[in-house]
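All heavy atoms count here, side chains included; hydrogens, waters and symmetry mates do not. Numbered from 1 within each chain, the chains take letters A, B, ... in sequence-line order. Note that this is a predicted model, so its numbers are computed, not measured.
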Amino acid sequence: MKKIYKFIMLALLAITVFATSGFTTSIKADQKDVTYDRIMKRGYIVLGTSPDYAPYEFQTTSNNKSKDVGMDISVAKDIADDLGVKLKIKNMDFDSLLVALQTGKVDMVLSGMNPSAARRKSVDFSDVYYKGGQSILINKKDAGIYKNKDSFKHKKIAAQTGSIQYNLAKKQIDGAKVSGIQKGADLILALQTNKVEGVVMEKPTAEAYAANNSGIKVIQGGFTLNDDETSTAVAMPKNSPVLRKKINTTISKIKAKNLLPQYLKEAGTYLKGNTVNTSMIHYWKYFAMGVGYTILISILGVIFGFITGTLLALLRLSDNKVLRGLSAAYVEFVRGTPLMVQLMFVYFGLGLFVNLPALTAGIIAVSLNSGAYVAEVIRGGINSVDDGQREAAESLGLNKRDRMRFVIMPQALKNIWPALGNEFISLIKESSIVSIIGVTDLIYQLKIVQSDTYRGVAPIVVAMILYFVMTFSLSRLLKFYERKFNNG
Amino acid sequence: MKKIYKFIMLALLAITVFATSGFTTSIKADQKDVTYDRIMKRGYIVLGTSPDYAPYEFQTTSNNKSKDVGMDISVAKDIADDLGVKLKIKNMDFDSLLVALQTGKVDMVLSGMNPSAARRKSVDFSDVYYKGGQSILINKKDAGIYKNKDSFKHKKIAAQTGSIQYNLAKKQIDGAKVSGIQKGADLILALQTNKVEGVVMEKPTAEAYAANNSGIKVIQGGFTLNDDETSTAVAMPKNSPVLRKKINTTISKIKAKNLLPQYLKEAGTYLKGNTVNTSMIHYWKYFAMGVGYTILISILGVIFGFITGTLLALLRLSDNKVLRGLSAAYVEFVRGTPLMVQLMFVYFGLGLFVNLPALTAGIIAVSLNSGAYVAEVIRGGINSVDDGQREAAESLGLNKRDRMRFVIMPQALKNIWPALGNEFISLIKESSIVSIIGVTDLIYQLKIVQSDTYRGVAPIVVAMILYFVMTFSLSRLLKFYERKFNNG
Amino acid sequence: MAKEIIKIENLTKKYGKNTILKDISAEVKDGDIISVIGPSGAGKSTFLRCLTLLEKPTAGVVSLEGEDLTKKTQKEIEHVREKVGMVFQNFNLFPNMTVLKNITLAPIRVKGLSEAKANQQALSLLDQVGLSDKAEAYPDNLSGGQRQRVAIARALAMKPDVMLFDEPTSALDPEMVGEVLDVMRQLAKSGMTMVVVTHEMGFAQSVSNQIWFMENAGIQEKSTPEEFFSNPKTDRAKEFLSKILVK
Amino acid sequence: MAKEIIKIENLTKKYGKNTILKDISAEVKDGDIISVIGPSGAGKSTFLRCLTLLEKPTAGVVSLEGEDLTKKTQKEIEHVREKVGMVFQNFNLFPNMTVLKNITLAPIRVKGLSEAKANQQALSLLDQVGLSDKAEAYPDNLSGGQRQRVAIARALAMKPDVMLFDEPTSALDPEMVGEVLDVMRQLAKSGMTMVVVTHEMGFAQSVSNQIWFMENAGIQEKSTPEEFFSNPKTDRAKEFLSKILVK
Ligand SMILES: Nc1ncnc2c1ncn2[C@@H]1O[C@H](COP(=O)(O)OP(=O)(O)OP(=O)(O)O)[C@@H](O)[C@H]1O
Ligand SMILES: Nc1ncnc2c1ncn2[C@@H]1O[C@H](COP(=O)(O)OP(=O)(O)OP(=O)(O)O)[C@@H](O)[C@H]1O
Ligand SMILES: [Mg+2]
Ligand SMILES: [Mg+2]
């Protein structure tokens with residue numbers, strides 16, 4: 001409940017004051033350090049971490065292998081280097097980290113961990129190496145205007161919907177118009193496209209974004225926060241005075257060289273699998289997968305659409321008035337409503353009865369939609385056959401089936417190939433709508449790349465070009481065959 | 001930071017134990033009750049509340065007047081009724097509520113407030129009237145299978161992305177597949193469409209949803225929680241023994257009659273302006289506004305599309321090879337890519353230079369897109385004019401401009417009216433895509449109604465029918481005029 | 001007296017409110033060569049199509065060899081049509097089949113002939129119309145005159161009792177008209193009963209034994225060619241002839 | 001000797017690799033009535049269209065009253081075209097204008113006549129072709145013969161020095177052919193220079209002073225009508241005539 005939050009702050013403050021004064025003195029007692037000795041003997045130090053908290057520590061996959069990265073990992077590497085040992089990383093639940101320390105499973109923990117009083121009871125902490133907090137991202141060009149939260153009075157500012165940042169902005173900036181936006185990448189986009197003047201974000205995340213977007217800049221939030229909950233330190237087993245000293249030395253070095261911003265920047269580039277750069281070529285796999293799905297959906301849509309369409313066209317030609325009416329109504333209705341609602345209807349409506357995966361729902365919706373258009377194409381094809389052909393066949397005594405089979409259909413099919421080809425082309429474009437239910441087609445991937453690279457427009461342009469290449473080459477191919485067909 | 005949460009629980013537990021034992025005894029001291037006397041003298045009781053916490057208390061607008069509603073408000077009304085006075089409501093920031101109590105600005109506070117130790121120092125609290133907590137929503141048909149959180153081991157369960165509930169589900173249900181979903185209504189939809197087996201939600205909210213959706217049911221979460229942070233009581237000025245007694249009587253009555261579920265249900269129906277029912281007719285204003293925007297965008301799209309299209313067609317016919325090529329390239333490119341990417345390109349791409357409101361961006365994208373199609377329609381219209389017409393005009397000595405103006409164009413325009421009409425119809429459907437950038441068209445409204453009524457399919461069906469009515473009547477109208485045109 | 005093949009009694013055909021054919025009675029006897037002439041829009045094509053029920057008459061009776069066609073179901077009519085060959089102004093060959101297939105399709109599917117038999121018969125018919133070398137050609141590669149001759153062969157392959165021609169030469173270039181009329185002349189000589197809508201007065205005069213002059217939704221005059229061309233009975237026929245012959 | 005109006009020297013026209021016209025030389029003198037006849041596809045239409053540069057010749061010279069048209073720019077050609085009237089097989093009237101507007105458009109826009117003057121002249125031309133009552137009608141409401149007569153009036157309204165006709169009667173129902181030929185005959189009598197592509201042998205024989213027989217991308221024979229019909233010089237002309245006359 002929202003009311004808890006403020007209260008917690010106060011409670012924490014009280015506890016921490018008590019804890020830091022009460023316990024910190026009792027640590028220096030024993031200069032023997034089993035942990036340190038063990039590390040030096042083995043030649044490696046085991047880091048325990050819970051890699052689900054970007055940009056502190058998180059996993060990234062490249063070449064199908066996952067790897068731990070993040071600011072804390074970089075710090076841990078420095079510690080290992082300074083100790084002259086190798087670094088081994090053990091991933092576990094956050095809750096198990098302290099137990100692992102106490103039982104000697106790991107030698108140190110860097111996991112965005114606050115050196116809280118309660119924790120100090122069971123483990124040792126190094127000096128604080130990072131102080132987080134809430135920052136504000138602004139456009140560089142506005143650097144003169146916005147200094148901290150107070151510059152945003154009566155301005156437009158954004159934060160993630162329902163987040164702590166959102167509440168901070170609402171409560172601590174007078175008269176600001178706060179927009180809630182769901183995704184980090186969209187927040188950046190909103191900022192870059194001047195839809196808001198600033199974005200409130202947790203400091204390290206803000207720094208990761210700023211490091212990867214030349215146009216934006218982090219400024220101090222200046223929010224009233226409890227100091228303690230924003231600091232991060234290294235945890236190690238109780239009674240590790242030597243290790244603690246060594247680690248503090250490394251931390252001092254890191255602070256002196258101001259290495260953390262660089263580590264954060266690196267972490268930013270890793271976010272969601274981004275290994276080195278934010279160039280679009282680097283993301284070719286995403287786009288390729290998107291193109292694959294787009295083509296898959298279009299092809300299946302065309303095939304099932306053709307089957308549906310043929311059935312509908314045959315119903316339309318049947319002698320049964322009811323069937324004719326049903327077919328006509330279906331075609332009219334489907335052609336009269338947007339694919340978007342049809343898709344929602346299939347996904348959510350049919351979903352009431354069977355659990356449809358998004359991809360299946362997408363293909364079904366696209367096929368049913370395409371079927372209506374194909375039905376009209378086929379009907380048009382049949383109508384395009386000169387009525388004289390029917391009359392000639394009829395006056396030769398051929399019955400209805402034979403007339404269809406030998407005379408009308410072969411000519412109709414020949415006439416409709418180009419229209420079917422166009423239907424295929426338009427499916428490639430229209431299938432883009434399935435992204436709204438989460439099918440990983442080209443548009444969906446474009447959004448992923450957007451949020452991965454924190455770049456708004458480049459992925460759109462790439463997707464646009466890819467769509468164009470697909471539709472254009474297909475239409476050329478079709479024209480080529482059509483010409484061949486007509487000449488041959 | 002995520003790590004804080006667990007720690008807070010422990011801290012709170014400690015504090016509350018201390019608080020409840022330490023302070024509760026000191027209250028009965030003074031039987032004189034100024035607050036009570038003041039209330040009875042004035043004939044009304046002033047309730048202080050911060051109406052931004054549905055379903056406890058929140059604002060709803062009907063007929064352009066906002067009104068406070070919610071469970072707490074209902075309880076407050078009962079209190080006033082039992083006291084035999086009127087209820088006046090004062091809205092303020094949550095943070096100011098206690099001060100208002102202490103300074104006599106308000107007589108009592110019901111605002112989802114926990115009777116915490118810190119607060120008990122400055123104000124009195126009634127008995128706890130509601131215990132919240134975390135519940136799980138399930139489909140009624142599964143009532144036999146799922147009893148509490150432990151039934152969900154290795155099952156699919158959902159919660160709001162990044163919420164406390166999400167973490168609870170992850171941490172306290174072994175092996176559950178937890179999906180994060182952003183919006184409450186989508187959570188319900190996911191449950192109703194069997195995409196997940198259960199949804200973790202705060203108790204009162206869960207109850208509000210269940211009360212308004214016959215197919216779903218609330219079960220106990222059974223999560224390990226600190227009891228205190230889930231209870232809610234009435235706050236009143238210190239030393240209000242009489243008032244406190246009276247209020248406790250009312251609370252007992254409410255508990256005895258089990259009125260709270262009903263109050264929660266009522267609160268649910270109010271959520272986001274829903275006054276009484278979730279029938280679609282009730283939402284006609286939303287749909288009407290959506291239809292309005294859809295039509296507006298389509299009409300403007302057709303008009304600007306026609307202007308753009310005419311320009312493009314004229315360029316295409318010009319003698320300048322470069323202009324011809326540019327026009328052809330534009331048309332090919334736009335027709336070869338989905339409107340969805342074009343829209344994103346305009347909104348985010350142009351947004352880098354000027355701050356485009358979503359509606360404007362939508363209209364620009366739709367017009368630019370439509371322009372390409374209209375250009376082809378116009379070109380087709382010109383081509384459809386028999387070449388003999390040009391030859392006849394040419395052999396009469398008419399120059400190029402006159403040929404266009406007097407002979408070709410009038411016939412071309414006559415030929416393309418139906419195609420332009422169809423373009424209009426397809427714009428009605430395609431404009432639906434602008435909802436993704438937040439233009440409040442019909443699809444957007446459909447989503448709002450979905451989340452407002454917690455009903456997934458009905459709004460889709462209504463929107464579908466509305467789209468169909470629009471396109472169908474327009475196409476009939478066009479056919480009517482076309483026929484008239486051809487006969488007259 | 002020759003056997004009666006087609007008998008038309010009080011035939012009326014309307015499209016909506018427009019009366020195209022009004023109360024026409026006439027008969028075609030075995031061996032008759034009837035030329036139907038008249039101005040454009042007189043209803044000649046509609047009349048011909050009513051004879052084989054490609055158009056359903058609004059009222060009246062059309063009997064083929066004594067059987068009333070208007071009473072028959074769609075299926076029965078399909079069967080009767082075998083007996084009536086029809087040749088159209090626009091040939092209406094099936095462009096998706098070779099000439100041979102065009103001719104053999106109906107005999108095989110409708111009469112149940114074996115393919116070998118049907119091919120043999122088709123080749124002899126092609127020979128008859130002077131196109132034995134075009135059996136494997138597709139209609140699109142033939143000249144207009146050739147197409148029309150194939151269309152005649154196709155109709156003959158069903159061994160009809162009567163052949164209907166609807167302006168068989170008017171879609172042809174002038175220099176191809178002759179070859180088609182030659183085939184029709186031959187056919188007439190062989191004793192085939194024929195009803196020919198035509199603007200070729202020479203053909204009408206020299207080949208037919210009756211001229212039916214249609215105008216204004218009815219047959220205004222039935223005469224022998226000699227009578228009709230030298231001394232038409234009605235003023236309308238006179239006017240028509242004056243227009244069409246004096247150039 | 002009469003003035004030379006059109007002179008064609010070594011005219012060649014190709015579409016891609018196909019040679020449609022090959023090295024044609026000919027001339028049209030003031031007052032000539034020339035009938036161009038020949039089988040379909042011989043290139044007659046293409047030839048006619050080359051005379052007014054609706055088709056650009058591939059090689060050769062077309063001169064109008066001494067001016068070489070092939071050397072002119074598009075703009076200059078537009079100007080020259082006033083002097084050449086053209087009548088098409090399919091009339092090509094402007095369906096979006098009344099008959100009167102069809103006739104007056106070019107005089108007003110090209111020659112700069114006042115509307116009153118143009119109307120007056122148009123009405124007299126309509127009278128001449130027997131359609132004075134149709135001035136306010138739209139082309140769609142006219143019969144084929146009427147349309148073609150309006151098309152002739154439209155061409156005449158520019159007071160051309162020569163009139164070109166491309167099969168002016170072959171899209172007409174037979175009974176309408178006469179009325180159009182009558183107008184053309186009148187025109188010939190009034191001394192208009194005319195080049196007429198036609199299949200109407202009667203007209204060619206009785207009205208023209210020269211017959212040009214085209215086949216195989218060239219003019220194979222230029223004769224007087226008497227010579228041509230009684231004793232054609234080339235075998236091809238003989239064959240053509242035998243096909244077209246003997247029905
Ligand atoms: N399907 C139809 N619906 C309505 N009217 C029709 C239809 N078919 C023909 N008509 C009308 O019937 C009349 C006679 O047409 P029909 O084709 O029989 O004349 P025709 O004598 O064959 O003329 P032509 O010599 O031009 O072929 C015409 O006025 C025509 O417009
Ligand atoms: N635009 C064109 N492109 C290519 N070939 C053409 C074109 N126009 C005409 N031809 C060809 O040129 C040849 C002569 O055509 P043209 O129309 O001049 O003949 P014609 O003598 O007028 O025939 P008809 O009597 O059928 O009108 C034909 O083989 C035709 O296919
Ligand atoms: Mg006819
Ligand atoms: Mg021609």
Item to check | Pairwise distance CG(B/Leu339) to OG(A/Ser432) - rounded to 0.5 angstrom | outcome: 8.5 Å
Checklist entry - CE of A/Met464 to CZ of B/Phe333: how many Å apart, nearest 0.5 Å? => result 4.5 Å
Checklist entry - Where do B/Thr471 and A/Thr337 land on the side chain to side chain contact (heavy atoms under 4.5 Å, CB included) test, with the steps shown first? => result CA-CA 7 Å; B/Thr471 56; A/Thr337 53; 5.7 Å; no
Checklist outcome for this item: If one checks every heavy atom of A/Ile443 against chain B at 4.5 Å, the contacting part turns out to be side chain
Checklist entry - Given that the side chain runs from C-beta out, which part of A/Ser435 has a heavy atom under 4.5 Å from chain B: side chain, backbone, both or neither? => result side chain
Checklist outcome for this item: With sequence neighbours left out, the residues meeting side chain to side chain contact (heavy atoms under 4.5 Å, CB included) with B/Ala365 are B/Leu343, B/Val346
Checklist entry - In terms of heavy-atom pairs under 4.5 Å, which option from B/Val461, B/Val341, B/Val469 contacts chain A the most? => result B/Val341
Checklist entry - To the nearest 0.5 Å, how far apart are OG in B/Ser431 and CE in A/Met340? => result 10.0 Å
Checklist entry - Any idea which of A/Gly336, A/Ser426, A/Gly215, A/Ala463 has the most non-hydrogen atom pairs under 4.5 angstrom with chain B? => result A/Gly336
Item to check | Atom OH of B/Tyr467: over 12 foreign heavy atoms under 6.0 Å | outcome: yes
Item to check | Cationic N near anionic O, under 4.0 Å, A/Glu430 to B/Lys429 | outcome: no
Checklist entry - To the nearest 0.5 Å, what is the distance between CZ (A/Arg335) and CZ (B/Phe468)? => result 10.5 Å
